[in-house]
Protein chains: 2
Amino acid sequence: MNSLAEENYLKAIYHLQRELNGDVSTNAIADRMETKPSSVTDMVQKLGEKGLVSYKRYKGTTLTDQGQKIAANVIRKHRLWEVFLVEKLKFHWDQVHDIAEQLEHVHSEELISRLDNFLGNPDFDPHGDPIPDKHGKMKRTEKKLLSELQKNQQGVCVGVKESSGEFLQYLDKKQISIGTKIRVLGKEFFDGSMVILVGKDQFFISKKIAENLYVQTS
Amino acid sequence: MNSLAEENYLKAIYHLQRELNGDVSTNAIADRMETKPSSVTDMVQKLGEKGLVSYKRYKGTTLTDQGQKIAANVIRKHRLWEVFLVEKLKFHWDQVHDIAEQLEHVHSEELISRLDNFLGNPDFDPHGDPIPDKHGKMKRTEKKLLSELQKNQQGVCVGVKESSGEFLQYLDKKQISIGTKIRVLGKEFFDGSMVILVGKDQFFISKKIAENLYVQTS
DNA sequence: TATCATATTTAGGCAAGGCTAAAAAAATAA
DNA sequence: TTATTTTTTTAGCCTTGCCTAAATATGATA
């Protein structure tokens, strides 16, 4: 059984490894965890001894298979709980992160398997992120950024890149959520801004918005 | 915000205060928490400084109003989660305690209020114990021990006094659960044993069983 | 009341996870 | 290549919550 702190480190390393695709530096982890580099060194050494990461002094850290499995499981729990909070308890998708952050550390395989079932074995969480299965594998979608679409192309919103409260609230105000169909009515070349159609409303969005929304085309 | 350890102490003191109706001794707490008396002393002193218990050296500990409120809230969460686990995730009532023990420490008023709602604002948990409302008040039922019933009286099972796995499994085997109607067909004077009717089955139970089952008569 | 057993507290330590300050390695610039 | 900056690690300390051993209060008994 791993401690809460250990699980959080593994999770952070898991995400960083994907973002940076490669070894993860001590500072990067410290940044993500909002802690000091010296604390990180202590912890990755401990995780190293436990065989959950491969750590070499001054070189960086990577998850071992075992560490990866544990991290994926924590993420699985986090995302399943998010689905529960949104689908069953009717939370808004921008309110669930902190609560899921706590729920993800409840230990019980039985619980999570029953929860998964209760929710209908979802493949994606309310932000469009894939939910790993019990072996740590997740569905890969061919998702693009909205900004990559051309005039008259359309796609279904499947997730966000940036997930700050402000951004999610913006989307909410515009009635954009997972599953929302979006059609590009126009696109300005010089600044990347767009006019899009959402339901019956059409409106203007900046390049910054378009670069932070994932859509599935095909 | 209180730490996990603090919440567990408050909860234990809350229960003990009711069981012993009065001040709670350091040893009693240590016993309940499966920890050493010296650790308890440390903690009650700390809780005392925080104003959550009133503690006097060598005299014992009681919850303050504030401490009581916090304890009741933890218990509320525990019992609501138990309802969720049994009603929604179809756990058996004898499997949910340890999981609820973890879930009860998730901090979010909003979460618990939505959960309460989702579950239909239940008044009792799957073991028949009352669920405190958000102000810490709980419904009082006039429940008796089965052993207090006389021949030909009947009652509805509303809870258990002892809740060990063995006992709950015994009840399960006999098809007794919350809501089960039980009629006393016979009662032996000299040892308190009974013959009872449950559904269409009648069988013998010892005094020990009868003294650990709560029924509601009226 | 004096004595003895029991309950409780105090003192001093330990492990987990943090932090700061200082040392050492690596990367970058001159 | 040498000097300088940045990154990382080490050393030493802090808090929380636990523990053991020793000291002290309380309460029961003679």
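Chain naming here is simple, since letters A, B, ... match the order of the sequence lines and numbering starts at 1 in each. For the numbers below, each heavy atom of this structure counts, side chains included, while hydrogens, waters and symmetry mates do not.
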NZ/NE/NH1/NH2 to OD/OE distance under 4.0 Å, B:E101 and B:K11 = yes
So do B:D123 and B:P130 actually touch side chain to side chain, heavy atoms under 4.5 Å?
-> no
Let me know the distance between CG of A:N27 and P of D:dT9, rounded to the nearest Å.
-> 9 Å
Is there a side-chain contact between A:L103 and A:F84, using heavy atoms and a 4.5 Å cut-off?
-> no
Side chains of B:D116 and B:R76 in contact at under 4.5 Å (non-hydrogen atoms) = yes
Answer with yes or no whether the side chains of A:H105 and A:E7 bring together a donor and an acceptor at under 3.5 Å.
-> yes
Should A:L52 and A:N2 be marked as a side-chain contact (heavy atoms from CB on, under 4.5 Å) after you check the CA-CA gap, both sets of side-chain angles, and the distance that decides it?
-> CA-CA 10 Å; A:L52 303 180; A:N2 306 286; 3.7 Å; yes
Is there a side-chain contact between B:K50 and B:Q66 (heavy atoms, below 4.5 Å)?
-> no
Do B:K56 and B:D23 sit within salt-bridge range, that is, some charged N less than 4.0 Å from a carboxylate O?
-> no
In whole angstroms, how far is the C1' atom of C:dA15 from the CG atom of A:D42?
-> 13 Å
Salt bridge A:K46-A:E6, side-chain N to carboxylate O under 4.0 Å | yes
Between the protein and nucleotides 20-22 of chain C, are there any N/O to N/O pairs under 3.5 Å, and if so, what are the atom names and distances?
| unit_1 | atom_1 | unit_2 | atom_2 | d |
| --- | --- | --- | --- | --- |
| C:dT20 | O4 | A:S38 | OG | 3.0 |

DNA chain C contacts made by residues 99-108 of chain B, counting heavy atoms under 4.0 Å | none
Polar-atom pairs under 3.5 Å, protein N or O versus N or O of nucleotides 24-28 of chain D: list them with distances, or write none.
| unit_1 | atom_1 | unit_2 | atom_2 | d |
| --- | --- | --- | --- | --- |
| D:dA25 | O4' | B:Y58 | OH | 3.3 |

Pair A:R32 + A:E19, salt bridge at N-O below 4.0 Å = yes
